[in-house]
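Within every chain, numbering begins at 1; the chains are lettered A, B, ... in the order of the sequence lines, protein sequences first and strands thereafter. Basis for what follows: all heavy atoms, side chains included, without hydrogens, waters or symmetry-related copies.
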Amino acid sequence: MPALAEKHKNLVEEASARLLARAANARGLAATDVFARVSATVEKYVLREDENASVADIKEFTDALNADDLCLIIACEKNDETAWSELVAKYDSTVKSAARKFSGNTEDAEDLASSIWAELYGLKETAEGARRSKLGYYSGRGSLAGWLRAVVSQLAVDEFRKQSRFVQIEETREFENLANESSRENSGNAKIVSHAENPEEVFAERETSRDVSNALKEAIKRLEAEDKLILKLYYFDNLKLKEIGAALGFHEATASRKLDRIQANVRKSVEKILVAEKGWQAEEVKRHLAETASKLDLSVEKLFCFWLALLVCLQEFFK
Amino acid sequence: MIEEFDKEIDSLLRQTARSETAVVADTAAAPHLDADEISLFAENALTTKARTRAVGHLAECVKCRKILSNVISLNAAETESENVHAIAAVAAPKIEGESSSVSIASPVIPWYRRLFAFPQITYAMGALALIFTGIIAAVIVTQNASQNEISTIAQSSNTYSEKSRGGGGGGGGGASSDGETQSSETFLSSAAAPNSNTAANTSAIAANPNAAMNEVKSAETSPYGASTNSTTSAGTVNSPAAPSVLSTPPPEEKRKEQLAQEQENSFVLDGVESKTSPSAPQNKPNITAGATLPPPSPKDNSQNLQTADLAKNEPREDRQRVNRDKKTLSETQNVATTRRDDEDAQQQTRPVAKKSGQPQGFGEMRNVRGRNFRRTSDGVWIDTDYSSQPQTAIRRGTDEYKRLDSKLRSITENLGGTVIVVWKGRAYRIQ
């Protein structure tokens, strides 16, 4: 967007100069070295969302950039060996600890960390002979350690997806083999015996569970974006409310209240869908939801809570 | 309106989450967020509009959400370790003669963190649960042992009377009498073993046989009033405050009947000494030859009247029966004192303390969900907070009952029968 860049060029140049002045170690960089990075960051996070962003907003945004981290990265991109050494020395532990989370053992973690550093260094070259480094994606807005963790996570998820597709294909083949064997066994004089005591009940229960499952998925779809994200982070990704609150910018207690509200909304939606679209009765809905809640799987946490509650009751008993 | 945690929806959502496929599928059409955007989102460093756009994408895209959740977890772990190191840095002392920088010792992990850093936390929790269960069981058994002393007084009397009639049928007759005694002793010992501590209590009966017999008899006649009667002085006969469940004749009449019976079976011991049981106290008087039998205890009379099956045991030798009667008579000397002491001990350890001013005759007490209930003679559970306010009668199974608070319903279902409970300022009669 050359027009936008021209419009805010002076602002960005001044911001670059202030950034270098703010850095504890400018590493011999000039304002022109930093200008491209700051300009790209402003365009990505400010001007893309609001073309008419005010001068104050842009200034506030650029003054919040991490000067030291950005200077270090830019120096690494310029093949500054000292900067590279410092980068590795300072952040190798961060990369390895992140890699350990996604690896089953230390060796795999080391391999993953090595892959990360290779990606950051850029083993491939462009047509002009410049290295293709992922360091160029760091904007300087957030911390370098956080960005490195995100890079490790991204690489790990990509690897997992590749392996999962491969594993899924294998599992599908195994399933097909099993199905073929089963059909061969059941051919001829083999009889298929039904193990269900009451097929009608089994069918009815299956239909009921499917209706509830579909209604629940539909209810989740109808949630607002932030509510949907909170719900998925809590239930699907098993994050704690404190962590969710920190990421989304509110207190843990606020996250808890939001979750309660989301649950209430989901319940209303599920009941509405089951009654209006599936033809259930209101009493049926409540009864089935209560029955489902009684089929909770026990976990260590629940057992521990149960024993704590038991101790509290006994304390009252012995008073 | 403040919503509460919905357990049912929570369960459904957890089940849905578990059934989510492991493969991270792309569901969002918009371009994915790069590592920089995700890290900024995790650090809450995006601008408002960029953040709104990112939220919209993350809510739909499984891949980006997974990366985000990983980054959030990593950031949290890093923050935690930094806090630990910061604490260690503050706690580490400066080493003299070395550089001015503070030497950082090995991170000092607080004891509560070390506890939860235990990798086998599951087994530790299980072991703790077992230990607590053992402690609880030991305390309950100890309490029951102390409470059983009173309940076994009547049981031992029944045992002796049954044996005197011919022990084979004692089980049948004794069972019913034991059952009656047990029902009367229910509020005294909620978990009283039927035949426990019989031998141990033999010595306790020797103090005051008359009072003991009277108290036991009153316990039989008034299933819910024995505790109050037991507190009276020895030797007195207390008429029960609650209406008698069993129609038994007054003590004097029983004594007369017993005497008449004895006359029918009159015999004189000739040189026969009563043989005391090994556990009986040594100070019991031996029955000498020619001694006139003392009037039998009212307890024995009541047992004779109430249990027709005892007649089957008549073939047993009368001498043994007299010996048993003597023994019972001498051993019940201390019943009143023992029962008084035991009642005092029971009142101290009873889980639900009776309120002052409670009328006599109120029996079994139970505590359900933090609320105390007492059971009347006609089997109605009454909330101790109830004070004759107007009741709202509701029958179980009706729509009105189903509209009640789930906690209230659980209380009534726990107790069973007719329940009068005060809930949020209103008195309900659930039947």
Can you confirm whether more than 12 heavy atoms, excluding those of A:Q281, are under 6.0 Å from its CD atom? no
Pair A:R48, B:E37 - check salt bridge (Lys or Arg N to Asp or Glu O under 4.0 Å), show working. CA-CA 13 Å; A:R48 185 170 67 172; B:E37 286 174 308; 3.1 Å; yes
What part of A:K101 gets closer than 4.5 Å to chain B, counting heavy atoms only: side chain, backbone, both or neither? side chain
Closest non-hydrogen atoms of A:L233 and B:S69, given as atom of the first, atom of the second and distance, are CD2-CB, 4.2 Å
Structural part of B:F41 lying under 4.5 Å from a heavy atom of chain A: both
Quick check on B:L58 against chain A: is it the side chain, the backbone, both or neither that has a heavy atom closer than 4.5 Å? both
Across all chains, not counting sequence neighbours, the side chain to side chain contact (heavy atoms under 4.5 Å, CB included) partners of A:A150 are B:A35, B:S39, B:V71
Give a yes or no on whether A:K240 atom NZ has more than 12 heavy-atom contacts from other residues, nucleotides or ligands under 6.0 Å away. no
Can you tell me if CD on A:E252 sees more than 12 non-hydrogen neighbours from other groups inside 6.0 Å? yes
B:Y401, OH: over 12 other non-hydrogen atoms inside 6.0 angstrom: yes
Proximity of residues 213-224 of chain A to chain B, residues having a non-hydrogen atom under 4.5 angstrom: A:L216, A:I220
How long is the gap from CD on A:E49 to CZ on B:R53, to the nearest 0.5 Å? 4.5 Å
Taken to the nearest 0.5 Å, the spacing of A:Q263 CD from B:L12 CG works out to 10.5 Å
State, to 0.1 Å, how close A:A225 and B:A59 come at their nearest heavy-atom pair, and which atoms those are. O-CB, 3.4 Å
Separation between OG1 (A:T94) and CD (B:E78), nearest 0.5 Å, reads 5.0 Å
Measure from the side-chain N and O atoms of B:K66 to the backbone N and O of A:V157, and report whether any donor-acceptor pair falls under 3.5 Å. no
Roughly how far, to the nearest 0.5 Å, is CG of A:D50 from NZ of B:K49? 4.0 Å
Name the region of A:D158, side chain, backbone, both or neither, that has any atom closer than 4.5 Å to a heavy atom of chain B. side chain
Under 4.5 Å from a heavy atom of chain A, the part of B:L33 involved: backbone
Taking side chain as C-beta onward, heavy atoms only, is A:K44 less than 4.5 Å from B:D34? yes
Can you tell which part of B:A42 gets under 4.5 Å to a heavy atom of chain A, answering side chain, backbone, both or neither? backbone
Contacting region of B:T48 [heavy-atom separation from chain A under 4.5 Å]: neither
Is A:L231 in contact with chain B via its backbone, its side chain, both, or neither, using a 4.5 Å heavy-atom distance? side chain
Search all heavy atoms of B:L74 against all heavy atoms of A:S97 and return the closest pair with its distance. CD2-O, 4.5 Å
For A:K228 and B:E60, what are the C-alpha separation, side-chain angles and deciding distance, and is it a side-chain contact (heavy atoms from CB on, under 4.5 Å)? CA-CA 8 Å; A:K228 198 185 303 182; B:E60 301 297 335; 2.5 Å; yes
May I ask you to decide whether B:D36 forms a salt bridge with A:R141, counting only side-chain N to carboxylate O separations under 4.0 Å? no
Where do B:L40 and A:S139 come nearest, in terms of heavy atoms and distance? CD1-OG, 4.2 Å
First locate atom CG of A:N238, then atom OG of B:S73, and finally report the distance between them rounded to the nearest 0.5 Å. 9.0 Å
Donor-acceptor pair, B:E43 side chain versus A:S143 backbone, under 3.5 Å? yes
Which atom pair, heavy atoms only, marks the closest approach of B:L13 to A:Y235? CD1-CE1, 3.4 Å
Using side-chain contact (heavy atoms from CB on, under 4.5 Å) as the criterion, point out the one residue from B:I72, B:L68, B:N70 that pairs with A:L239. B:I72
To check you understand the geometry: which heavy-atom pair defines the closest contact between A:A247 and B:R51, and what is its length? O-NH1, 3.7 Å
